[in-house]
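Data block below; observations after.
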Amino acid sequence: MFELRTKLVTYTILVVLAVAGGLSTISITLDHRNAVAAFERKVTALAQTLGEAVVESIFVLDVKPLRQQVASVMTNKEARAAFILDSNGRVLTDGTEENTSHTSALSSEFAQRILSEKIWITEHHSTGIVAGGPIMLTQDYVLGYVYLDFSTANLQSRVMGQIQQSLIISALFVVVTALLAIAVAKQLIRPINKLTGFASRITEGSPERDLPDCGGGEVGRLAQSFSAMLANLDRSNTELKQLAETLEEKVQDRTQAAEAGSKAKSEFLATMSHEIRTPMNGVLGMASLLKETRLDTEQELFVNTISESAEALLVIINDILDFSKIEAGKITLQEDWFDLENLIDSILKLLSQKAADKDLDLILDYDPDMPKVFMGDEGRLRQLLMNLLGNAEKFTLEGSIRVVVSGQVTAGFAALKIAVQDTGIGIPEEKQADVFEEFSQVNASKNRSFGGTGLGLSIAEDLALLMGGKIELHSVVNQGSTFTFSCEFKTNSEVPKLSLADSSAPDVSANSAAEPNINEPQQALSLPHSPVPDLLQSPLKVLVADDNDTNRLVVQKMLQETGCEIHFATDGLEAIEQYLAHRPQLVLMDISMPNLTGLEATQELRSHEVQNYWPACPIHALTAHAMKGDREKFIEQGFTGYLSKPVRKQHLLELVLALQVSQKSAPLQAPKTQADQTS
C-alpha cells in the first residue's frame, strides 16, 4: 500500500506542478511580450522625436545642437548608441565631444535597411532593440537619418525576477499540496490496507473468513465482491480435491494404457518383421541357389520371376514396417561422417541394370564447389534418395534421370539441395498435393499401369522431416517431375575424403540389413562360384543353430561350395552340446529358438569360454529380428556380429572368407593359463 500512497501523492504533486507551471509560464510570457512591445514603442517614439528635433540643425549643419540632442538621448540608462547620419549614411555626430565616428559609415544590416527603404523601422534582437528612420525636410527630401540602439538587459532581468518569484510560489504550492495529498492518501488507503492484510492471511492458509470493516463506497463494494469470490473459491477447492482423488487414478490408467499401446506396437513390429522375414529367407535363399543350377530358358525365367517377386515383396514389407515405425515414433537418426557423392553413386549403380533395360541415362551432376563429406544419418539418407530415385525409375519409360546436388556453405554448415529430375510421365497438378500421402497413388484404379504400396514418397517425406528438411515437387504431365530434398547438414573440410568402400560396402560383422530397406542392396553382388584354393585345403568348422528346417537347408547349400564342415542344432540346448562336442570356428546363431533362445545359448557359450580360458569364438546372429537397435542389443549380449534374414549368399561367403584369411594370417597361440588371465 506504500506504493499506492506514493503514487497518489506523486500524481497530485505532478498535477499541481503542471497547473502552476502552466499558469506561471502563460503569465510570464504575456508580461514579457507586453513589456517588449512597450519598450519597442518607447524606443521608436524617442527616435522619431529626435528626428523631428534635429531637422533645423541638420539643415544648417549646426553640429553642436545635434550633439546636444543626441547626448540627451544617451542619458537614458538603456541607451547603448545613438547616431545622426547625413543623407549619404555617414555619421554626423554620436553625441560625444570627441565624435570619433564622424564621417564613418555604419556597417550593420539594420543601418543599410534604413538607407535603402527610407522608412521608420524597429528591430528586436537577443540583447536589445534598434530603431531608426529618415529625417525628412519635405515629403520627398531626406536630410539624414536617426539610428538608436537600446539594451534590453533590464527587461530580461525583470523577466528573470518574475520567473524566480513564480518558482518560489510553485514550490510553496507543492509543499502544501504534498501535505494535503499525504493526509488524503492515508484516509483512502486505510480500508485497502485492511483488505490487503486479510487477503495475505488467506494466502498464507489462514481459516479466517470474516472480512474487516472497509466502509462504504468503492472499497466496500470491492470487499463484498472479495468475500463472494472467497466463498466460490472454497467451493471450487472442495470440488477440485474430490476431482483430484479420481483424476490421479484416471491419469495412471491412461498412462498405463498408452504405455501398453506403445509396447504392443513395438512388439507387433518386431513380430511382423521376424515372422515375415523367416519364410522370405527360404524363398530368396532357395531362389538364389536354384539360379546356380543348370536351368533351361523357361526354368531360368521361372526362377528369376520368383526372385524378383520376392525382392519386390521384401521392399513392400520393409516399406510397411518403416511406415509403422515412423508412426510409432521408433525411428531415431544416427549421425556420422559420410561421403555424399559416393552414396549417390552407389545408389545409381544399384539402379543401373533396370535403367539399362529401359535405355535410360543415369546422370549425377554434383556441384564442384560443394563439399563431399557431411555429418548425418547415411542410412536414412540412402533410404530417402533410394525411394526418390526408385520412384523416378518406375515412372520414366525413356529419356534420363538426373541427380543435381547444389547448395551453399556457411560457417561449417551446408544448406544442401538434392534434386531428382526425370523425363517420366509427370503428375497432374491436381494430384501433386496427394503424392506424399501414405497409400496414395496418382492412378488408384484397378487397371493402373504402375504398381506399388504408395508408401515410398510418404516415407521419404517423413524421413526428410526427421532430418529437419523438406521435399518439394515440380511436375508437368508428359514432361517429367523434379523432387527436391532440402536440408542443412554439418560439414567439415578437415574430415578426410571417404572411399567408396567405406560408404557402400557391406559389413559382414554387423550386416547393414539390420535396418530394413536402408543399406540392404536390392541386387546381390557377384562372387566367384568356387572358393579360393586355400579355403578348400583348410575348411572351417561351422555350427548353424536354427529351429527352422528351411533356414538350415538354405545356409547349408549356400556354404556348400566353401567346403566348410557344417554342424546343425535345432535349439539353444543342442547348440551348446554341438559347440562343446565339435569346437567350431564360426557359429551362426538364430535368436528365437525353443528350450534356450539364441541370446541365452550365446551367454552360456561365453561363460564356458571364460571358465575354460578358451579364445572367443566368432558367434554371429543369423536372425529375422531386424528392428532398429537389435544389432546393438545382440552385440552387447556377446555376439560378434549380425546378419539379418533374408540372408544373402554373398554375405555368408564374405564372412567365411574373412575368417579364413584372418586365421591364416594370425600366428598360432597357446591357450591362456589361469595366471595369464589374472595377470
Side-chain angles (χ1 to χ4, degrees), residues 25-163 165:
T25 301
I26 293 172
S27 176
I28 293 172
T29 301
L30 291 177
D31 288 347
H32 179 65
R33 184 178 299 172
N34 293 333
V36 170
F39 193 66
E40 287 180 354
R41 289 194 298 271
K42 172 185 174 181
V43 174
T44 302
L46 185 59
Q48 291 176 346
T49 301
L50 178 61
E52 293 174 355
V54 298
V55 170
E56 182 177 352
S57 300
I58 197 172
F59 180 75
V60 297
L61 289 179
D62 189 354
V63 178
K64 184 177 180 180
L66 287 176
R67 184 174 65 251
Q68 292 175 349
Q69 292 289 346
V70 173
S72 65
V73 172
M74 290 298 296
T75 59
N76 196 311
K77 61 181 179 180
E78 285 90 3
R80 292 189 297 191
F83 298 101
I84 299 295
L85 309 178
D86 61 17
S87 59
N88 294 321
R90 298 187 178 277
V91 176
L92 292 175
T93 180
D94 57 8
T96 63
E97 290 288 343
E98 295 82 8
N99 200 17
T100 57
S101 302
H102 183 63
T103 69
S104 64
L106 298 181
S107 60
S108 68
E109 293 182 1
F110 182 76
Q112 298 303 318
R113 283 188 61 194
I114 297 173
L115 297 177
S116 61
E117 297 179 13
K118 294 181 174 58
I119 59 174
W120 286 94
I121 304 172
T122 303
E123 188 177 277
H124 181 263
H125 53 83
S126 59
T127 61
I129 293 176
V130 290
I135 302 172
M136 307 295 293
L137 179 62
T138 64
Q139 185 175 359
D140 298 325
Y141 188 79
V142 177
L143 291 174
Y145 299 92
V146 175
Y147 179 94
L148 299 182
D149 183 0
F150 275 59
S151 172
T152 57
N154 291 336
L155 187 64
Q156 298 295 338
S157 177
R158 187 164 60 251
V159 171
M160 292 302 299
Q162 290 178 338
I163 292 175
Q165 185 178 7

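Between the side chain of Thr49 and the backbone N or O of Ala45, at least one donor-acceptor pair lies under 3.5 Å. The main-chain N or O of Ser101 is found under 3.5 Å from a side-chain atom of Ser104 such that the two form a donor-acceptor pair. The backbone N or O of Leu155 sits nowhere less than 3.5 Å from a side-chain atom of Thr152 that would complete a donor-acceptor pair.
Counting only residues at least two apart or on different chains, the salt bridge (Lys or Arg N to Asp or Glu O under 4.0 Å) pairs with a member in residues 55-72 are Arg67-Glu97. Among residue pairs with one or both ends in residues 115-126, those qualifying as salt bridge (Lys or Arg N to Asp or Glu O under 4.0 Å) are Arg113-Glu117, Arg113-Glu123; sequence neighbours excluded.
If you run side-chain contact (heavy atoms from CB on, under 4.5 Å) between Asp149 and each of Ile129, Thr127, Val130, only Val130 comes through.
Residues Val55 and Leu143 have side chains in contact (heavy-atom distance under 4.5 Å, counting atoms from C-beta outward). Put simply, the side chain of Val91 does not reach to within 4.5 Å of the side chain of Thr103, judged on heavy atoms. Looking at heavy atoms from C-beta onward, Phe39 lies in side-chain contact with Glu78 at the 4.5 angstrom threshold. A heavy-atom distance below 4.5 Å is not found between the side chains of His32 and Arg158. Annotation: side chain of Leu106 is not in contact with side chain of Leu115 (no heavy-atom distance under 4.5 Å).
Other residues, nucleotides and ligands contribute only 12 or fewer heavy atoms inside 6.0 Å of the CD atom of Gln165.
The minimum heavy-atom distance linking Trp120 with Pro134 is given by the pair CZ2-O, 3.4 Å. The shortest heavy-atom contact between Val73 and Leu46 is CG1-CD2, 3.8 Å.
Evaluation of the salt bridge (Lys or Arg N to Asp or Glu O under 4.0 Å) rule for Arg90 yields no partner, not counting sequence neighbours.
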